[in-house]
**Student:** 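Let me give you the structure first, and then I'll get to my questions.
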Protein chains: 2
Amino acid sequence: MSAGEQRARKPRADVQRNRAALLETAQRHFLQHGVGTSLEAVAKEAGVGPGTLYRHFPTREALLAAVLQTRSEELVARQADIEQLGDPAEALEQWLRAMEEYFSAFSGLPDPLMAAARAQEPDNPLTIPCHILITATDQYVRAAQLAGRVRASVRGHDLFLAACSVAWIKGTGTEEEPLDRLRTLIASGYRQQDPQA
Amino acid sequence: MSAGEQRARKPRADVQRNRAALLETAQRHFLQHGVGTSLEAVAKEAGVGPGTLYRHFPTREALLAAVLQTRSEELVARQADIEQLGDPAEALEQWLRAMEEYFSAFSGLPDPLMAAARAQEPDNPLTIPCHILITATDQYVRAAQLAGRVRASVRGHDLFLAACSVAWIKGTGTEEEPLDRLRTLIASGYRQQDPQA
DNA sequence: AACGTGTACGGAGGCAGCATCCGTTTTGAT
DNA sequence: ATCAAAACGGATGCTGCCTCCGTACACGTT
């Protein structure tokens, strides 16, 4: 028996039930009140004690990461659509928008995201998703560069930062119009002007 | 006497002393711990009770605005230097950097700044400084546009947002190198390419 | 120099949120 | 039916926010 490392006992029913209730409630609260919402309130509304919440999700980031899991998968799913676009410049554009939407899922999300992205803290549960995003962005950038549609000096990381910025500004309550102008400004910054003059 | 509306009595000595001590201490704490620092700690270290702090500065923003006063004046002073540059494109560039430094004075500063900029809350003591900055930026932008050095579609407000973003990212602890690439990206976004091809 | 008044002080106190710890309950296995 | 492990949950201690009000002090007056 020591050889089989799975074969733990079946996960308890209440554990799954509580976890699901917590995730569901947490998502609602993050949506309504931003990432800074009261965890105590989440626990209470989910019908569990604070201890249970903290046992399932030791930190706010852990809860956040778990709630974001669904959305991460949506993002991955979108990649398939994007990649069969053919046009790498268009693909990059759409990818950036998709990422921005992901960052804007909850108000205040960009802050913990940046903290995780910067981090050599492998214990931060948001770190891995962040690095995945940066790497993915870099690939779209390289493809568009090979097609001569993006300046050579641009890196994926730069556009990750840019998308994060836009999401941050969005989260502060700025209207869509100035946001759109900012997006345009950034796009003008990374796009390669056509060689035809 | 009802006609003269000034002519209150001379301001008390302890008031001035406490105010000065609070500002000095608050600045240190904002520098070391960011804008979210404990006001209770500030009061204690300044040698006053919490009540005194809140009487002088009813909100965190009020304290912040008062502490920023000095730096605002430095910014205005810089404008003189900048304006006698002659080159409007260079002037804009320097102005943006000056603004960015101002926004980066304390970690976390961009958040209350954005909240104030968006606001029709005239009671927010940061609102006025923000609008002054936006207006000033717009003037530099217009000047550079007249010289054909900046795209026509750009507005001062856009670059205000951009500078704020960069400062925000800086405040999250990102290193200088990616920051510089982001600045370059943004600059490429607003600059008008020379008509000579 | 002493006084009186009004202004400012400051700390106690109520509240909210975080995070932990441990006695009790629930759950699945035997 | 019984048992041990696992999970629960709330009481608890802590930090920080902000207010309220009895007290002390500074200033103008006599």
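Just so it is clear: chains get the letters A, B, ... in the order the sequence lines come, proteins before strands, and each one is counted from 1.
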**Student:** So that I can tick it off, tell me whether B:R181 and B:E177 are bridged by a salt bridge, with the cut-off set at under 4.0 angstrom between side-chain N and carboxylate O.
**Tutor:** yes

**Student:** Extract all donor-acceptor atom pairs below 3.5 Å that involve side chains of residues 25-32 of chain B and protein atoms in other chains or at least two apart in sequence.
**Tutor:**
unit_1, atom_1, unit_2, atom_2, d
B:T25, OG1, B:A21, O, 2.8
B:R28, NH1, B:E24, OE1, 2.8
B:R28, NH1, B:E24, OE2, 3.2
B:R28, NH2, B:E45, OE2, 2.0
B:H29, NE2, B:E45, OE1, 2.8

**Student:** Go through the structure and list residues passing side chain to side chain donor-acceptor pair (under 3.5 Å) with A:Y102, not counting sequence neighbours.
**Tutor:** A:S72

**Student:** Keeping the roles fixed (side chain from A:Q145, backbone from A:R151), state whether a donor-acceptor pair exists under 3.5 Å.
**Tutor:** yes

**Student:** Is there any protein nitrogen or oxygen under 3.5 Å from a nitrogen or oxygen in nucleotides 17-24 of chain C, and what are the pairs?
**Tutor:**
unit_1, atom_1, unit_2, atom_2, d
C:dC18, OP1, A:L39, N, 3.2
C:dC18, OP1, A:R60, NH2, 2.5
C:dC18, OP2, A:L39, N, 3.2
C:dC18, OP2, A:E40, N, 3.3
C:dA19, OP2, A:Y54, OH, 3.3

**Student:** Any side-chain to backbone donor/acceptor pair from A:R118 onto B:T172? Under 3.5 Å, distance only.
**Tutor:** yes

**Student:** Kindly give the heavy-atom pair with the smallest separation between B:N18 and B:H56, and that separation in Å.
**Tutor:** CB-NE2, 4.1 Å

**Student:** When rounded to the nearest 0.5 angstrom, what is the spacing between CD1 in B:I169 and SG in A:C164?
**Tutor:** 7.0 Å

**Student:** Judged by atom type as modelled, is there a donor-acceptor pair below 3.5 Å linking the side chain of A:R60 to the main-chain atoms of A:V35?
**Tutor:** yes

**Student:** With sequence neighbours left out, write down each residue that passes side-chain contact (heavy atoms from CB on, under 4.5 Å) with A:R191, or none if nothing qualifies.
**Tutor:** A:E93, A:A187

**Student:** Hey, where on DNA chain D does chain B first and last touch, going 5' to 3'? Cut-off is any atom under 4.0 Å from a heavy atom.
**Tutor:** D:dG16 to D:dG28

**Student:** So which protein N/O to nucleotides 26-30 of chain C N/O distances come out below 3.5 Å?
**Tutor:**
unit_1, atom_1, unit_2, atom_2, d
C:dT26, O2, A:R12, NH1, 3.4
C:dT26, O2, A:R12, NH2, 3.1
C:dT27, O4', A:R12, NH2, 3.3
C:dG28, OP1, A:A13, N, 2.9

**Student:** Measure the distance from CG on A:N18 to C1' on C:dT25 and round it to the nearest whole Å.
**Tutor:** 13 Å

**Student:** Has A:D180 got a side-chain atom pairing as donor or acceptor with A:E176's backbone, closer than 3.5 angstrom?
**Tutor:** no

